[in-house]
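Small disclaimer: the values here were computed from a predicted structure and weren't measured. Scope of the values below: all heavy atoms of this structure, side chains included, with no hydrogens, waters or symmetry mates.
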Amino acid sequence: MNKIFNTTGVCIPERHYMVDVTRILRSIREMIDAGDYFVINRARQFGKTTVLRSLTQAIKQDYIVFPISLEGIGEAVYRDEFTFCRGLCRLMDAAVKYGETEGLTPESARLLRSISRGEEGDIDFLEFSEIISDICRTEDKPVILMIDEVDQASGQRVFLDFLGMLRNKYLKRAERPSFQSVILAGVHDIKNLKLKIRSGEEHRYNSPWNVAADFNIDMSFCSEDIASMLEEYESDWNTDMNIEEMSQKIYEYTSGYPYLVSKLCQLLDEQISQLKDFKDKHEVWSDAGFQEAVKLLLKTPNTLFDDMVKKLADYPKLKTMIQNILFMGRRYSYESESYLIQLGIMFGFLKEKDGLVCIANRIFEMKLYNLFLSEEETGSEIYRVVSMEQNQFLAGGMLQMDLVMKKFLEYYEEIYADADDKFMEDNGRRIFLMYLKPIINGTGNYYIEARTRDMKRTDIIVDYKGEQIIIEMKIWHGNEYNRRGEAQLFEYLNFYHKDKGYLLSFNFNKKKKCGIQEIVYRGKTIVEVVV
């Protein structure tokens, strides 16, 4: 049976093309060996369950591992501590029964089976703590407890009491046998789990899990990690792809977010390969095929994007922060104790880079632009007008960017002539992107170059049928600043090996001179548009 790229559920090496996670497992193993209790809190579909499964296989020779999950166990188990303790024993007993936990002595296995069947009567947390100590004392190997999907316990007081019991055992483990390590996995860290349970600012940062070590292991994939998966695929299919270039391109768009990495590969393998424009797998695994996969990913519903929409609706202040970053170039300093920044990073939307908060990856950025702009389409006059006349911008199937810029000047002056300057300064870039959206119309992609985005300057990269077009947008701050803009655009054109680029300036001076001109700057052609 041929392997496939998997984006649903746990990845299994015998069935699925997988990134080599040895680097990640080695780092986690060091924490286990050190006796750490910790939380693997990462965004949805970040490969947590797959890593836990691989970790179990990697350490089972040296440890007794109980890998359990709180997913799907139902609300009734949280009724009280007696029900919860018995439920945990049933999960641990099932792990033994189905071979997930190996090497447990018959004595310990019988004890768990007896409790799970109710033969020992009700047990509370104190008794459950003693049972854990008995098992850890009996076994020849140290015992590890892994609990996946701890978000399922959000809002459950009994789960926090359970964490308090584990915390107490951690503090007393020098005198009483206990787990070598406890690993919890979920989207929320325990601090945020507490936040969901208690109301009131004074309780926000309290936690019964303050014994947990910081989990700073990078679980995203680097380009070399991605290459390890593509090499396995290449050995099966002989596509003659450039593995180094393809893995780097996937990384540039995903920043190594595991689901996005696998999803793009899955789309290339299963759907782009079926398009008539690509006659073989070599053409599929090319820049043109990759861009088609990106377009398909952005327009096809999936659980990750669905969750993004829900989270932005649930946290409107976070949504506003992200909109300010995207459309206004606002820069937020990274502050680990900021509630909004914590949320954005926890959900995977944001990340820290060079002391600033930025969007986590290019795919998310493109999706967020599409999402926010789509919310405004019905009320946008420029979107309505351009949607009716979008075919004028194509000739021979290719985008006529000179005309795109010329018509933007005309539409802008016609529609926004009487608009307030402050409104236009805050929304000029949003308006241009709204204008550009129906012209691209799913045939091309565009994204913002994050390295240049600030409140004064933003660079857009348009990728239309393999042709890249560079557009610099900026707020006019005098002729000298404009000349610096030309120099910056020249450097950017050099980087992309382009001879022509576009400079769009929003000028709010009273004596401004609007218009369009073409200049030659150090051998590069720059079309300057001032509105």
Side-chain angles (χ1 to χ4, degrees), residues 9-10 37 39 49 52-53 56 60 63-173 175-186 190 193-194 196-197 208-209 211:
V10 65
Y37 286 28
V39 183
T49 300
L52 288 181
R53 183 184 186 278
T56 299
K60 65 182 182 180
Y63 293 101
I64 302 293
V65 186
F66 285 100
I68 66 176
S69 173
L70 299 183
E71 185 173 28
I73 63 173
E75 289 289 318
V77 76
Y78 301 107
R79 184 172 60 238
D80 52 47
E81 64 181 283
F82 308 108
T83 309
F84 186 73
C85 288
R86 182 181 176 189
L88 287 177
C89 286
R90 290 178 67 182
L91 291 173
M92 295 169 72
D93 176 54
V96 176
K97 178 180 178 181
Y98 293 106
E100 297 165 349
T101 297
E102 298 182 11
L104 195 69
T105 61
E107 179 184 353
S108 296
R110 281 193 296 270
L111 178 60
L112 286 175
R113 176 62 56 86
S114 176
I115 296 172
S116 67
R117 291 176 174 177
E119 296 171 0
E120 303 294 325
D122 289 339
I123 60 170
D124 58 17
F125 281 131
L126 183 60
E127 292 169 302
F128 187 54
S129 176
E130 289 301 313
I131 290 167
I132 291 172
S133 294
D134 288 342
I135 291 175
C136 293
R137 182 187 300 109
T138 301
E139 300 306 314
D140 293 331
K141 299 177 183 178
V143 182
I144 310 294
L145 177 64
M146 296 182 186
I147 307 180
D148 198 6
E149 300 292 346
V150 294
D151 298 285
Q152 302 297 320
S154 297
Q156 306 295 343
R157 168 61 55 188
V158 69
F159 183 67
L160 290 183
D161 292 339
F162 169 65
L163 294 181
M165 182 270 287
L166 289 178
R167 174 184 180 274
N168 186 58
K169 292 193 70 61
Y170 175 89
L171 295 174
K172 295 181 177 180
R173 60 182 180 171
E175 294 80 29
R176 302 179 184 180
S178 185
F179 295 118
Q180 165 78 9
S181 181
V182 174
I183 306 169
L184 310 179
I190 297 306
L193 192 65
K194 187 73 168 183
K196 296 182 69 176
I197 294 168
W209 200 238
V211 295

Can you tell if the side chain of [X] reaches within under 4.5 Å of the side chain of [Y], non-hydrogen atoms only?
{"X": "L145", "Y": "I183", "answer": "no"}
{"X": "Q180", "Y": "V143", "answer": "no"}
{"X": "I73", "Y": "Y78", "answer": "yes"}
{"X": "W209", "Y": "L184", "answer": "yes"}
{"X": "R113", "Y": "E119", "answer": "no"}
{"X": "L70", "Y": "L91", "answer": "yes"}
{"X": "F66", "Y": "I147", "answer": "no"}
{"X": "I131", "Y": "I123", "answer": "yes"}

S133 and K169: side chain donor to acceptor below 3.5 Å: yes
Any side-chain donor near an acceptor of the partner, S114 and E120, under 3.5 Å: yes
Heavy-atom pair with the smallest gap, counting every atom of [X] and [Y]:
{"X": "A76", "Y": "T83", "value": "O-CG2, 3.5 Å"}
{"X": "R173", "Y": "S178", "value": "CB-CB, 4.0 Å"}
{"X": "D93", "Y": "A109", "value": "OD1-O, 4.4 Å"}
{"X": "F179", "Y": "I144", "value": "CD2-C, 4.4 Å"}
{"X": "L112", "Y": "C89", "value": "CD2-SG, 4.3 Å"}
{"X": "M165", "Y": "I132", "value": "CE-CD1, 4.1 Å"}

Has the side chain of [X] got a donor or acceptor atom that lies under 3.5 Å from a matching backbone atom of [Y]?
{"X": "R86", "Y": "S116", "answer": "yes"}
{"X": "S129", "Y": "F125", "answer": "no"}
{"X": "E139", "Y": "T105", "answer": "yes"}
{"X": "T138", "Y": "D134", "answer": "yes"}
{"X": "E81", "Y": "D124", "answer": "no"}
{"X": "Y63", "Y": "S181", "answer": "no"}

Hey, could you give me the [atom1]/[atom2] distance between [X] and [Y], rounded to the nearest 0.5 Å?
{"X": "M92", "Y": "E100", "atom1": "CE", "atom2": "CD", "answer": "12.5 Å"}
{"X": "Q156", "Y": "R79", "atom1": "CD", "atom2": "CZ", "answer": "12.0 Å"}
{"X": "E71", "Y": "Q152", "atom1": "CD", "atom2": "CD", "answer": "5.5 Å"}
{"X": "R167", "Y": "L163", "atom1": "CZ", "atom2": "CG", "answer": "11.0 Å"}
{"X": "R110", "Y": "I115", "atom1": "CZ", "atom2": "CD1", "answer": "13.0 Å"}
{"X": "E149", "Y": "L52", "atom1": "CD", "atom2": "CG", "answer": "9.5 Å"}

Pair I68-M146, side-chain contact (heavy atoms from CB on, under 4.5 Å): steps then yes or no: CA-CA 6 Å; I68 66 176; M146 296 182 186; over 6 Å; no
Residues, nucleotides or ligands: over 12 heavy atoms within 6.0 Å of R176 CZ: no
Residues F162, F84; criterion ring-ring contact (aromatic ring centres under 6.0 Å, His included); working and verdict: CA-CA 9 Å; F162 169 65; F84 186 73; 5.4 Å; yes
V158/D80 under side-chain contact (heavy atoms from CB on, under 4.5 Å): CA gap, chis, key distance, verdict: CA-CA 6 Å; V158 69; D80 52 47; 6.0 Å; no
